[in-house]
Amino acid sequence: MLPSPGHSMKSKLQELVAQALATLAGQGLLAEVPADHAVQIERTRDPAHGDFATNTALVLAKPARMKPRDLAQRLVDALPASPMVAAVEIAGPGFINFRLTEDAYHALIPEILARGPDYGRSQLGAGKRVQVEFVSANPTGPLHVGHGRGAAYGAVVADLLAAVGYSVHREYYVNDAGRQMDILATSVWLRYLELCGESLGFPSNGYKGDYVWDIAATLHREHGDDYRADALKVFRGVPPDQRDDEPDGDKEAHIDALIAAAKRLLGDNRYRFVFELGLNTILDDIRADLHEFGVDYQEWYSERALTESGAVNKAIERLREAGHVYEQAGALWFRSTDFGDEKDRVIERENGQTTYFASDIAYHMDKLERGFERVIDIWGADHHGYVPRVKGALKALGDDADRLEVLLVQFAVLYRGGEKVQMSTRSGEFVTLRQLRKEVGRDAARFFYVMRRCEQHMDFDLDLAKSQSADNPVYYVQYAHARVESVLRQAADKCMPVEPSRGTVNLQRLSEAHEQALLRSLSRWPEVVEGAAMTAEPHQVTNYLRELANDFHTYYNAHQFLVDDAELRDARIKLILAVRQVLRNGLGLIGVSAPDRM
RNA sequence: GCCCUCGUAGCUCAGGGGAUAGAGCAACCGCCUCCUAAGCGGUAGGUCGCAGGUUCAAUUCCUGCCGAGGGCGCCA
């Protein structure tokens with residue numbers, strides 16, 4: 001990772017070492033060292049090694065033709081003086097360890113209090129435009145808990161990128177054009193016919209969830225029998241469904257014939273009306289669901305609009321002109337094997353319909369044309385096979401496929417009472433995101449979803465998420481915040497001034513080991529935000545918050561804050577105000593509330 | 001069969017070239033006359049799946065193997 005122009009302690013040290021390297025280079029000592037060498041500064045694991053360490057001398061020993069410890073010594077000699085550095089020493093095979101001054105840590109407190117919500121934010125992204133597309137579930141039913149993880153993860157990745165200075169565009173791709181939507185419209189209509197009193201066998205491939213009944217009921221309530229047709233006519237000539245008593249049936253042919261019947265018997269306008277009713281009802285529900293989950297978008301991008309704008313045909317034309325398309329068995333194929341895919345893919349079917357993949361090519365072409373410097377797609381891990389073909393298509397179009405980053409999120413498995421919660425989309429028996437939010441609450445859901453690396457299979461323990469105990473990491477962190485608020489209320493009750501003095505006044509009184517540990521944790525926050533943003537790993541934030549909360553709880557147990565000694569009390573109040581601020585910033589970043597009392 | 005991800009403490013997981021591998025839970029022992037015990041401290045617990053390779057240095061990177069999960073359609 002390149003040195004950042006940030007203001008963190010780490011980046012300041014990076015700068016010092018870089019200056020020392022420049023000095024040695026000026027003396028002609030580093031002829032074979034690349035000029036753009038990135039200085040690595042890390043936090044030490046062992047406090048005996050100081051606060052930070054760099055392996056620069058070890059890494060550069062060979063090109064500098066020096067022994068690591070000799071190079072380290074020269075670097076130390078060339079290091080510019082800095083008020084933040086208390087001691088520098090060479091250790092082990094050639095590490096350079098830095099110990100920072102107490103003043104450097106004390107100065108952190110007024111900085112945190114002055115910057116407030118901005119402490120931890122940076123300009124690393126330099127305003128570059130990045131698009132984050134996430135969730136994008138088909139609007140054929142409510143979001144389930146699998147989508148919830150993508151929603152929480154995507155929202156935090158987007159917020160992290162914004163926090164480090166990117167201009168972020170959050171987008172939901174609405175698949176409102178495909179066959180699945182026709183199946184939904186037909187499902188709604190068939191349920192409506194049942195409500196009208198028609199008797200029929202519901203197709204095994206139809207959508208069977210209760211929400212389909214709800215949409216059908218709206219149609220029936222508001223329009224009576226206006227959309228009614230004789231069930232016998234609907235099913236006339238339709239090939240048999242595949243079900244237990246008819247194992248030889250074809251469920252695909254069956255549902256397709258029913259869609260055709262719906263279109264024929266309703267006519268274009270009335271079919272479109274039923275279709276739109278289903279689509280809009282579900283999309284409104286998804287939008288509201290995500291909003292209540294703290295997930296909002298800049299844009300809901302319609303696949304249908306993409307198709308109607310001619311973008312799909314344009315993409316196919318561009319591929320054809322570039323010579324990456326061929327016809328076979330009546331269909332149009334994209335030769336994706338030329339770009340690393342394992343087999344070629346159909347983009348236009350024998351019946352003239354373009355495939356979902358063709359829309360995807362057009363959509364990604366459009367994303368790049370809109371001028372985003374980075375395009376991030378967040379997909380369910382089951383779509384990983386799509387990555388080579390989408391990237392392949394971009395390469396075939398002559399675009400820079402590296403601008404597209406695909407992050408894959410594994411599914412979450414719910415556990416209740418130690419038992420796996422069984423889910424099946426087919427039968428409509430799945431746990432919805434809304435049910436999860438109702439059961440464990442928004443805060444726990446948001447926190448738990450991003451607590452693990454996205455590529456990790458996740459066991460979501462519902463009982464733990466609900467438990468109001470120390471075991472529950474959400475409450476643990478929130479409780480730290482509530483405790484700070486509680487102390488401030490107590491101070492007010494005792495008529496002690498809560499308004500702290502300015503600057504670093506009294507801060508030298510913070511000499512306890514617990515206080516120093518807390519200050520070190522507070523100083524890490526900008527590094528955590530930067531690291532989490534650059535690696536798209538929100539779990540680094542939750543881990544940090546647990547550590548910070550732990551430092552605070554330990555301190556709380558060991559020392560009284562509201563002491564009679566006014567100067568000491570002032571210093572401690574300033575410290576816990578800084579802790580409160582960083583807890584708020586961290587919880588805010590992952591979409592979790594910071595309650596005043598619990 | 002091919003592809004992707006993962007194998008770290010009894011369980012759930014961090015760490016991902018660097019100095020003695022960490023946390024939470026579970027187990028055991030302690031701590032409220034005190035700003036919320038939804039809290040804190042301590043003890044115990046590991047051949048970082050196995051075998052090679054690269055490196056001054058490998059749990060981390062590479063290769064192979066073993067094991068777990070997922071994906072491989074003129075579906076979306």
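Just so it is clear: chains get the letters A, B, ... in the order the sequence lines come, proteins before strands, and each one is counted from 1.
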Original post:
What's the base orientation of B:C4: syn (chi within 90° of 0) or anti?
Top reply: anti
**OP:** Please list, by residue number, the residues of residues 55-64 of chain A whose heavy atoms come closer than 4.0 Å to an atom of RNA chain B; answer none if no residue qualifies.
**Re:** A:Asn55, A:Leu58, A:Lys62
Original post:
What orientation do A:Tyr555 and A:Phe552 show, parallel under 30°, tilted 30 to 60°, or perpendicular over 60°?
Top reply: perpendicular
Between [N] and [M], how many Å separate the two [atom1] atoms, rounded to a whole number?
| N | M | atom1 | value |
| --- | --- | --- | --- |
| B:C34 | B:C28 | C1' | 28 Å |
| B:G53 | B:A44 | C1' | 37 Å |
| B:C56 | B:A21 | P | 23 Å |
| B:G18 | B:A57 | C1' | 7 Å |
| B:U55 | B:U63 | C1' | 16 Å |
| B:C11 | B:A27 | C1' | 12 Å |
| B:C61 | B:C29 | C1' | 43 Å |
| B:G7 | B:U54 | P | 25 Å |

Out of [options], which nucleotide sits closest to the side chain of [X]?
| X | options | answer |
| --- | --- | --- |
| A:Arg483 | B:C74, B:A37, B:A76 | B:A37 |
| A:Gln490 | B:C75, B:C35, B:G41 | B:C35 |
| A:Gln456 | B:G18, B:G16, B:C13 | B:C13 |
| A:Tyr386 | B:C35, B:G18, B:A76 | B:A76 |
| A:His384 | B:G71, B:C74, B:C34 | B:G71 |
| A:Glu350 | B:U5, B:A19, B:C74 | B:C74 |
| A:Asn557 | B:A19, B:C40, B:A14 | B:C40 |

Subject >> Given RNA chain B, 5'-ward residue of the pair A:Thr44 and A:Gly178, judged by closest heavy atom >> reply: A:Thr44
Original post:
Starting at the 5' end of RNA chain B, which residue's closest nucleotide do you reach first, A:Gln540 or A:Asp596?
Top reply: A:Gln540
Quick one: is [N] close enough that its OP1 or OP2 comes under 4.0 Å of any side-chain N or O from [X]?
| X | N | answer |
| --- | --- | --- |
| A:Arg45 | B:G15 | no |
| A:Thr355 | B:A76 | no |
| A:Gln410 | B:C4 | no |
| A:Lys343 | B:C74 | yes |
| A:Tyr476 | B:C40 | yes |
| A:Asn550 | B:C40 | yes |

Subject >> Option passing ring pair (Phe, Tyr, Trp, His ring centres under 6.0 Å) with A:Tyr363 (candidates A:Tyr301, A:Tyr356, A:Phe357) >> reply: A:Tyr301
Original post:
Of A:Leu332, A:Thr354, A:Val312, which is the lone residue that meets side chain to side chain contact (heavy atoms under 4.5 Å, CB included) with A:Ile347?
Top reply: A:Leu332
Subject >> Interatomic spacing from CG in A:Leu404 to CG in A:Asp377 - rounded to 0.5 Å >> reply: 5.0 Å
Subject >> Separation of A:Glu512 CD from A:Leu518 CG (nearest 0.5 Å) >> reply: 12.5 Å
In this structure, how many angstroms lie between the [atom2] atom of [N] and the [atom1] atom of [X], rounded?
| X | N | atom1 | atom2 | value |
| --- | --- | --- | --- | --- |
| A:Arg452 | B:U12 | CZ | P | 10 Å |
| A:Met451 | B:U12 | CE | C1' | 8 Å |
| A:His539 | B:G22 | NE2 | C1' | 13 Å |
| A:Arg546 | B:U12 | CZ | P | 15 Å |
| A:Arg524 | B:G22 | CZ | C1' | 12 Å |

Subject >> Under 3.5 Å donor-acceptor pair, A:His383 side-chain atoms to B:G71 base atoms >> reply: no
Original post:
Counting only distance, no hydrogens or angles, is the base of B:A14 paired donor-acceptor with the side chain of A:Tyr544 under 3.5 Å?
Top reply: no
Original post:
So, are A:Arg416 and A:Glu439 salt-bridged, with charged N and O less than 4.0 Å apart?
Top reply: yes
**OP:** Keeping the roles fixed (side chain from A:His147, backbone from A:His144), state whether a donor-acceptor pair exists under 3.5 Å.
**Re:** yes
Original post:
Under a 3.5 Å cutoff on both atom distances, Watson-Crick or G-U, what's the dot-bracket for RNA chain B ([ ] crossing, | other strand)?
Top reply: (((((((..((((....[...)))).(((((.......))))).....(((((..]....))))))))))))....
Original post:
So what does A:Gln560 touch, heavy atoms closer than 4.0 Å: a base, only the sugar-phosphate, or nothing?
Top reply: base
**OP:** Please name all residues satisfying side-chain contact (heavy atoms from CB on, under 4.5 Å) with A:Ala72, sequence neighbours left out, ordered by chain then number.
**Re:** A:Ala57, A:Ile90, A:Ile96
